[in-house]
Amino acid sequence: MSATYDPHVVERAVQNAWDSARCFEAGESGTGEKYYCLAMFPYPSGQLHMGHVRCYTLGDVINRYHRLKGYNVMQPMGWDAFGLPAENAAIRNGIPPAVWTRDNINYMRGQMQRLGFGFDWSREFATCEPEYYHWEQWFFIKLYEKGMVYRKSSVVNWDPVDQTVLANEQVVDGRGWRSGAPVERREMPQWFLKITDYAEELLAELDRLDGWPESVKSMQRNWIGRSEGVNIDFPVSGTDQRLTVYTTRPDTLMGATYVAVAAEHPLARRAAERSPEVAAFVEKCRNLKTAEADVATLEKQGVPTGLTVDHPLTGERLPVWVANFVLMEYGSGAVMSVPGHDQRDWEFARKYRIAIRQVIAPAGDEPCDLDQAAFTTYGRLMNSGAFDGLTSAEAFAAIADALAAKGLGERATHYRLRDWGVSRQRYWGCPIPMIHCPSCGVVPVPERDLPVVLPTDVKFEGVRSPLTTMESFYRVDCPKCGGEARRETDTFDTFMESSWYYARFACPDANTPMLDDRADYWTPVDHYVGGIEHAILHLLYARFFHKLMRDHGLVHSDEPFTRLLMLGMVLKDGRKMSKSSGDAGNPQALLDKYGADAVRTAMMFAAPPDQSFEWSEAGVEGQARFCKRLWNQVHEHLAQGDVPALDPTALSDAGRELRRKSQETLLRADDDYGRRLTFNTVVSAVHELVNAVSRMEPGNDADRAAVREALTIAVLVLSPIAPHVCQNLWHALGQEGLLVQARWPEVDHAALVQEALELVVQVNGKVRGKVSVPADADEAAMREAALANENVVRFVDGKTVRKVISVPGKLVNIVVG
RNA sequence: GCCCGGGUGGCGAAACUGGUAGACGCGCCAGACUCAAAAUCUGGUUCAGGAAACUGAGUGUCGGUUCGACUCCGACCCCGGGCACCA
């Protein structure tokens, strides 16, 4: 046994031992309850950054802890391999995306192995492999056949110079990032998945996801955005057409003084034909960005169309405006405007001198001054004819009924959630398995012709997808009529791949069909770990996909992820790591210098998992020092010779105290690992235990048995976090076998019992002293001990004791006046 | 703009159910060892006053509830994440 600690030697040896024992290869027949532990797979961007290190260390800690607790654990790893950065690399350096991606995967896999993550590499796959996306295409066609897929026009960012669609990220200050040309809105036919059909279930089941953080459920609830309202039809004056708007505030209907439509709305187009002013405004709106945040912060502008609609109850003519804040994609592309009771409408009305009418009076004493702001809370109706005096709630029903009676409105449940547009006009993605035939229309690729393989021998000329000009790809015969047809050249949104990979890990080689029985054994994922940036989109799409797969009989649970750990960001210079470029945050240098255990421990110790923090290398050296101290402590202890069997009755006071600390550490770490998921406090607890050992005087033989126990517990408790050095020391301490196959010990509760407790004594809520009392002291004894304290007497003397509050085992507060 | 988080020493943080604010670590200071340095070990380290005992202040700001508030309530300020084509 080498006396000095060399993390590189230790880590290589321990990793070799794991490999020969194949201890992370999971099977369906393993003993113990199954536990599927999954950390979000990475995009292979080049090298790991510290955000990855955090995520996968956390996942691995959970994996290893559950092994110690006797579960049959599966922790797979793979690659979310399609995406924009590979294309950018191709455009910039001429490296084909497939090559770039494969190189990155190989490098990053090596880094993960160096970090000692207990992944089951036999299940590895990358989503860019045809064996994977084959089944995505197959399932998409099944969904198409079921009517869950449809095609409609949707707006994209269009770069008129590069003649290509841009991602929101590629639009910088309203211009294309490469061409610098002002970006335009352009409508294109695109494929959509009907996620809105599942809106109600996606919302309702959040209430049953007890293992999810409340904040994530809240974000998803708000995103789905269920509301109760009324669809109201405004007849277009002098025509038999109707303009439909949705409102959650039908009680304010009598205060509507105009309606506003989107620039792409048919009424706006019609007005633009007659009015150059409207046409100019509509044209200006073509440069609006597509991101909601941009629209929401936009200066609100509009022009009157000259058209009017008839108020559905009074027949009053209301002007129709085109406004830049109304978007065709949301609802019906038109809104009714009630400036008296909606702040945005109020600001618009003030700007363009449109009438502001009060129809709701405050029910209580809320301030209401329509010269200052809209009154947006519920109240009682006024200036509303027959509805005057009703509360907002009563008026909701009465006005909805009145509209229904006239055939001009009906109650409606509305969701903010929109259908999922899955088409991307890009190369490096899964080909959408559809064919466009001039005579048959849209024809899905027949099952026997799947997968539609993405050609990888491509050259980028400019920034457009090479598929659009690759005749060998797009020219096909129509499967129906045999005539000349054109293959779809759009690819899927990469969220498609990440929406079902967790299920594929259960059976990565299944080929008939996309999943097999093994998916039922392993899913749902028991613990899913990933960044908070995925709290809405990825998790919502994956939940949706799980329900789609359930309804196709592929899985038999309702939700994919039972427990969810949402990690905070790892920041570097105030920016999130995954957005950083280059070597910023690459852990390689740290691994080379300090080893994996130090890096892992420092990362776990830095902050609790759900908290964002700024990464600093300062902590790594400290944890490397700790690993070394632990090593030295163990070897110093071993040098003192054999220890007798532990005999609790033979211990000195210090020995008993150390045993209590050991057992407390076991108890506390179990709770931190299993329930609280605060691994930073596990590291602290182990530090404290090791500090306690180093403070132990080299006592009698019986005490040395307590030291042996303390060190063994420290090594076991720390092992999920620093698995290599702990495995090595576990063996050195005379324990048999691999630590990953050991069991978490039972706590010896007898060792936790204390004879005396320290009480805090407060006077008027301020700490004035501490006293020691027997553990079973009653209130009277606590009070007596407290009042006997010299410093306490100084503050109580000469005053009347009005009240004494005693919290057994904690404190006594003496209230004097 | 909307939704969701967060704000505690020089720094990362701890305080879990309203009960000792600053555990544990980094950094720094002092000491031991050393010809010296590194490494290691020991002690100190919220701020102000004090030799010390101890006292006062203190958890983004302002106000409230309570015997007692980092923790609960109200208002506000600042920072981060998401906003549907970054992943």
Side-chain angles (χ1 to χ4, degrees), chain A residues 40 42-43 45 80 82-85 154 156-157 165-171 190 213-223 225 290-298 325 329 344 417-426 493-495 498 531-538 540-541 566 568-569 571 574 576 578-579 602 605-608 610-616 618-623 625-626 628-629 632 671-672 675-676 678 680-681 683-688 691 694 758-767 769-770 791 794 802-805 807 810-816:
Chain A
M40 291 178 183
Y43 178 78
S45 52
D80 187 16
F82 279 136
L84 211 46
S154 176
V156 293
N157 301 309
V165 174
L166 298 177
N168 284 335
E169 193 188 50
Q170 298 172 308
V171 181
Q190 319 225 34
E214 210 42 62
S215 59
V216 173
K217 289 192 279 187
S218 179
M219 279 188 254
Q220 294 218 348
R221 276 189 199 102
N222 291 326
W223 184 264
T290 54
E292 189 192 310
D294 295 317
V295 175
T297 51
L298 193 77
F325 58 84
E329 294 88 61
R344 187 183 61 188
L417 180 68
R418 310 197 303 262
D419 278 337
W420 178 12
V422 295
S423 297
R424 296 292 180 271
Q425 296 70 39
R426 285 186 233 300
D493 177 4
T494 57
F495 276 127
S498 55
I532 184 70
E533 68 273 23
H534 294 296
I536 297 179
L537 289 180
H538 162 61
L540 193 66
Y541 292 145
M566 289 271 87
M569 297 282 165
L571 307 168
K576 84 190 215 200
S578 53
K579 292 269 185 190
F605 186 56
D610 55 3
Q611 191 171 311
S612 295
F613 70 97
E614 184 96 7
W615 171 251
S616 134
V620 182
E621 193 167 348
Q623 296 312 316
R625 191 148 51 205
F626 175 72
K628 193 166 163 186
R629 249 183 67 208
N632 289 340
D671 190 46
D672 287 353
R675 180 182 64 90
R676 297 180 66 208
T678 52
N680 53 331
T681 53
V683 178
S684 296
V686 174
H687 282 172
E688 285 186 45
N691 288 348
S694 69
E758 188 179 69
L759 284 186
V760 165
V761 186
Q762 299 181 330
V763 179
N764 286 347
K766 281 186 191 292
V767 179
K770 288 162 195 177
N791 198 45
R794 282 174 50 209
R802 301 203 184 276
K803 204 176 183 181
V804 177
I805 289 133
V807 183
K810 287 252 165 83
L811 63 68
V812 176
N813 186 12
I814 301 159
V815 185
V816 298

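Below, read A as the first sequence line, B as the second, and so on, with proteins coming before strands; counting in each chain starts at 1.
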Grab the CZ-P distance between A:R629 and B:rC24 for me, whole Å please. 11 Å

Does RNA chain B take part in any stems of at least 3 consecutive Watson-Crick or G-U pairs (both distances under 3.5 Å), and if so, which ones? B:1-7 with B:77-83, B:10-12 with B:24-26, B:27-32 with B:40-45, B:46-49 with B:54-57, B:60-64 with B:72-76

Could you give the CG-to-C1' distance, from A:N168 to B:rG81, as a whole number of Å? 17 Å

For nucleotides B:rU46 and B:rC35, find the distance between their P atoms and express it as a whole number of Å. 35 Å

Checking the side chain of A:Q190 only, and the main-chain atoms of A:V422 only, is there a donor and an acceptor separated by less than 3.5 Å? no

Residues A:R629 and A:N691: side-chain donor-acceptor under 3.5 angstrom: yes

So, the side chain of A:D671 versus the backbone of A:R676: is there a donor-acceptor pair under 3.5 Å, distance only? no

Interatomic distance, A:N632 CG vs B:rA39 C1' [rounded to whole Å]: 11 Å

Taking any heavy-atom pair under 4.0 Å as a contact, classify A:K770: base, sugar-phosphate, or nothing. base

Just to verify, what does A:K217 make a salt bridge (Lys or Arg N to Asp or Glu O under 4.0 Å) with, not counting sequence neighbours? A:E214

Give the rounded distance in Å between these two atoms: CG of A:N680 and C1' of B:rC16. 12 Å

I'd like the P distance from B:rG18 over to B:rC86, given in whole Å. 42 Å

Checking all strands, does A:Q220 fall into the base, sugar-phosphate, or nothing category for heavy-atom contacts under 4.0 angstrom? nothing

Minimum-distance nucleotide to A:V767 side chain [options: B:rU55, B:rC3, B:rU20]: B:rU20

Using a 4.0 Å heavy-atom cut-off to protein, can you give one letter per nucleotide of nucleotides 64-73 of chain B, 5' to 3': B if the base is in contact, S if only the sugar-phosphate is, - if neither? ---B------

Determine the contact category for A:P608: base if any of its heavy atoms lies under 4.0 Å from a base atom, sugar-phosphate if only primed atoms, P, OP1 or OP2 are that close, otherwise nothing. sugar-phosphate

Of the candidate nucleotides B:rC16, B:rA13, B:rA84, which contains the atom at the shortest distance from the side chain of A:R676? B:rC16

What I'd like to find out is whether the side chain of A:F626 reaches to under 4.5 Å of the side chain of A:V686, using heavy atoms alone. yes

Pick base, sugar-phosphate or nothing for A:E329, based on heavy-atom distances below 4.0 Å to the nucleic acid. nothing

Interatomic distance at P, B:rG10 relative to B:rU65, whole Å: 31 Å

Looking across every strand, which nucleic acid part, if any, lies under 4.0 Å from A:V165 by heavy atom: base, sugar-phosphate, or nothing? base

Please tabulate, one pair per line, each protein N/O and nucleotide N/O from nucleotides 50-53 of chain B that are separated by under 3.5 Å, including the distance.
none

Which nucleotide wins on minimum distance to the side chain of A:F613, given the candidates B:rA84, B:rG12, B:rA87? B:rG12

So what does A:L417 hit on the nucleic acid, given a heavy-atom distance under 4.0 Å: a base, only sugar-phosphate, or nothing? base

Does a distance-only test, which skips hydrogens and angles, find a donor-acceptor pair under 3.5 Å between the side chain of A:R675 and the base of B:rC16? yes

A:E169 CD to B:rG81 P: how many Å, rounded? 13 Å

Provide, to the nearest angstrom, the distance between the NE2 atom belonging to A:H687 and the C1' atom belonging to B:rG12. 13 Å

So if I take every side-chain heavy atom of A:R794 and compare against B:rC26, B:rU55, B:rA13, which nucleotide ends up nearest? B:rU55

Among B:rG1, B:rG19, B:rG12, the one nearest any side-chain atom of A:K810 is B:rG19

By salt bridge (Lys or Arg N to Asp or Glu O under 4.0 Å), which residues pair with A:E292, not counting sequence neighbours? A:R416

Contacts of A:F82 meeting ring-ring contact (aromatic ring centres under 6.0 Å, His included) (sequence neighbours excluded), chain-then-number -> A:Y133, A:W428

Do A:E169 and A:N157 make a side-chain contact, defined as non-hydrogen atoms from C-beta onward lying under 4.5 Å apart? no

Separation between CD (A:E533) and CE (A:M40), nearest 0.5 Å, reads 7.5 Å

If only atom types and distance count, is the side chain of A:Q170 paired as donor or acceptor with the main-chain N or O of A:A167 below 3.5 Å? yes

Which listed nucleotide (B:rU20, B:rA84, B:rG25) is nearest to the side chain of A:R418? B:rA84

Is there a side-chain contact between A:N222 and the phosphate of B:rC83, meaning an N or O under 4.0 Å from OP1 or OP2? no

Distance check needed: B:rC2 C1' versus A:R221 CZ, whole Å only. 18 Å

What's A:G83 touching, base or sugar-phosphate or nothing? Going by heavy atoms closer than 4.0 Å. sugar-phosphate

Across all chains, not counting sequence neighbours, the salt bridge (Lys or Arg N to Asp or Glu O under 4.0 Å) partners of A:D610 are none

Taking any heavy-atom pair under 4.0 Å as a contact, classify A:H534: base, sugar-phosphate, or nothing. base

Look at the side chain of A:E292 and decide which nucleotide, out of B:rA87, B:rC86, B:rA84, has an atom nearest to it. B:rA84

From the list B:rC24, B:rC54, B:rC83, which nucleotide is the closest neighbour of the side chain of A:L537? B:rC83

Quick one: on RNA chain B, does A:T681 or A:V216 contact a more 5' nucleotide (nearest heavy atom)? A:V216

Using a heavy-atom cut-off of under 4.0 Å over every strand shown, decide if A:A535 touches base, sugar-phosphate, or nothing. nothing

Select base, sugar-phosphate, or nothing to describe what A:D610 touches, counting heavy atoms under 4.0 Å on all strands. nothing

What residues, two or more places apart in sequence or in another chain, satisfy side chain to side chain donor-acceptor pair (under 3.5 Å) together with A:D493? A:W420, A:R424

Test ring-ring contact (aromatic ring centres under 6.0 Å, His included) applied to A:H534 - qualifying residues, sequence neighbours left out: A:H538

Does B:rA39 have OP1 or OP2 sitting under 4.0 Å from an N or O in the side chain of A:R625? no

Does A:F495 have any ring-ring contact (aromatic ring centres under 6.0 Å, His included) partners at least two apart in sequence or in another chain, and if so, which? A:Y541

For B:rG56, measure the glycosidic angle (O4'-C1'-N9-C4 for a purine, O4'-C1'-N1-C2 for a pyrimidine) and name it syn if it falls within 90° of 0, otherwise anti. anti

Base, sugar-phosphate, or nothing for A:F626, non-hydrogen atoms under 4.0 angstrom? nothing

Counting any heavy atom closer than 4.0 Å, what does A:Y43 reach on the DNA or RNA strands: base, sugar-phosphate only, or nothing? sugar-phosphate

Using atom CG of A:N691 as one end and atom P of B:rC24 as the other, report the distance to the nearest whole Å. 7 Å

Base, sugar-phosphate, or nothing: which does A:W223 touch, judged by heavy atoms less than 4.0 Å apart? base

For a quick check of understanding: with a heavy-atom distance under 4.0 Å over all strands, which category does A:T494 fall into, base, sugar-phosphate or nothing? sugar-phosphate

Nearest-nucleotide 5' precedence on RNA chain B, A:K628 against A:I536: A:K628

Checking A:R794 now: which residues fulfil side chain to side chain donor-acceptor pair (under 3.5 Å) with it, not counting sequence neighbours? A:N791

Run the side chain to side chain donor-acceptor pair (under 3.5 Å) test against A:W223 and tell me which residues pass, sequence neighbours left out. none

